Amino acid sequence: MKKHLIIMALIAGALFVLPEAKAQFKIHDDGHISLGSLAKDYGVQVDTLCITAFRTKKTTAFSWSTVVNSNNNLQKHWVVANGNPVAHTFFVYGEGSVYHAMNYRQSDARFQEETGEISNASNAIGQITGLLYTPAQGHDKSEGQKQRRVGVSAQEVEKAIPEAVSADETGTMYVDYEALTVFLIEALKEQKSRIDELETILKDKGIKE
């Protein structure tokens, strides 16, 4: 009996010593949901309009970022918006068009291995045709009249620059237009080098000063 009393006393003492567990989830009276905060000042917040946003810290230095919000009229989905959602910086339309302010891709030389220069870029670019086209039937989900677009054929690019093409699980092919830009840079350099050679020949023959 004495042993049981000692154990009960230890448990009772621990209840007073252990810190109170803090709740990380709350449903407010208006239906607003807070995750990571009992208030609406930081953490993950889902309001009554189903807008999801998060704020990492309860300080003015960390502003709100909208994770998901849909505009039913425009079928626009705001994936990321800093501050006021009206000034959204990245959004996607229901038909698949993506809009954003700027685009950067990691290209630090410290993280590149087995690098090599691109040769015959002019020849590769010469095999690719710039196109004006309208999407085929069933592949244009935008409302209203079909809009003319500019682009290239992924199948054509694959033959010239396979590194710039990929395909999804359905076999639909996609082009990395940034990769094409790199080839254009090298193609221009090759053309300039050729022009410089021709100018030197013309000067040597006295045709050009």
Side-chain angles (χ1 to χ4, degrees), residues 36 42-44 52-57 59-69 76-85 87-136 139-142 147-201:
Y42 71 98
V44 180
T52 304
F54 70 91
R55 185 179 187 183
T56 55
K57 292 186 179 180
T59 62
T60 56
F62 293 82
S63 60
W64 286 100
S65 294
T66 300
V67 181
V68 169
N69 183 34
K76 179 190 294 182
H77 305 275
W78 305 338
V79 180
V80 176
N82 297 316
N84 188 343
H88 41 272
T89 56
F90 181 86
F91 55 94
V92 180
Y93 278 100
E95 44 81 20
S97 297
V98 179
Y99 295 81
H100 56 89
M102 293 183 290
N103 184 45
Y104 292 92
R105 185 168 65 178
Q106 186 188 80
S107 192
D108 196 309
R110 295 173 297 174
F111 308 128
Q112 298 173 346
E113 297 179 345
E114 300 179 7
T115 59
E117 295 184 358
I118 295 174
S119 59
N120 298 320
S122 298
N123 181 57
I125 291 297
Q127 299 177 50
I128 301 173
T129 305
L131 302 172
L132 277 170
Y133 69 95
T134 54
H139 293 274
D140 186 0
K141 298 179 181 180
S142 59
Q147 295 184 350
R148 296 276 285 174
R149 299 180 183 179
V150 294
V152 294
S153 164
Q155 285 80 355
E156 193 175 65
V157 175
E158 184 181 34
K159 297 176 182 178
I161 312 173
E163 298 85 354
V165 177
S166 63
D168 62 18
E169 66 278 2
T170 68
T172 301
M173 302 181 70
Y174 299 82
V175 172
D176 181 354
Y177 282 88
E178 293 180 10
L180 297 186
T181 301
V182 175
F183 271 77
L184 285 171
I185 292 172
E186 291 303 312
L188 286 172
K189 290 164 62 177
E190 290 174 2
Q191 293 294 321
K192 184 180 183 304
S193 177
R194 181 57 178 162
I195 291 172
D196 290 343
E197 290 178 3
L198 292 174
E199 287 184 342
T200 299
I201 293 174

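What you see is a predicted model, and the numbers here were worked out from it, not measured in a lab.
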Ile118 versus Phe183, closest heavy-atom pair with distance: CG2-CE2, 3.6 Å
For the student: nearest non-hydrogen atoms of Glu190 and Ser119, plus distance: OE2-C, 3.9 Å
Flag, side chain of Gln191 to backbone of Ser122, donor-acceptor distance under 3.5 Å: no
Distance (rounded to the nearest 0.5 Å) between Met173 CE and Ser153 OG: 7.5 Å
Atom of Gly36, atom of Tyr42 and distance for their closest heavy-atom approach: O-CE1, 3.5 Å
Pairwise distance OG1(Thr134) to CD(Gln147) - rounded to 0.5 angstrom: 11.5 Å
Backbone N/O of Val152 and side chain of Tyr177: donor-acceptor pair under 3.5 Å: yes
Minimal non-hydrogen separation, Val165 against Ala154, with atom names: CG2-O, 3.7 Å
Set of salt bridge (charged side-chain N to carboxylate O under 4.0 Å, His left out) partners for Lys189, sequence neighbours left out: Glu186
Aromatic plane relationship, Tyr93 with Tyr99 - under 30° parallel, 30 to 60° tilted, over 60° perpendicular: perpendicular
Atom pair CD/CG of Glu156 and Leu131 - distance to nearest 0.5 Å: 7.0 Å
Exercise: identify the closest heavy-atom pair between Ala164 and Ala179: CB-CB, 3.7 Å
Check: Arg105 and Asp176 side chains under 4.5 Å, non-hydrogen atoms: yes
Atom of Ala124, atom of Ala160 and distance for their closest heavy-atom approach: O-CB, 3.5 Å
CD on Glu197 to CD on Glu199, rounded to 0.5 Å: 11.0 Å
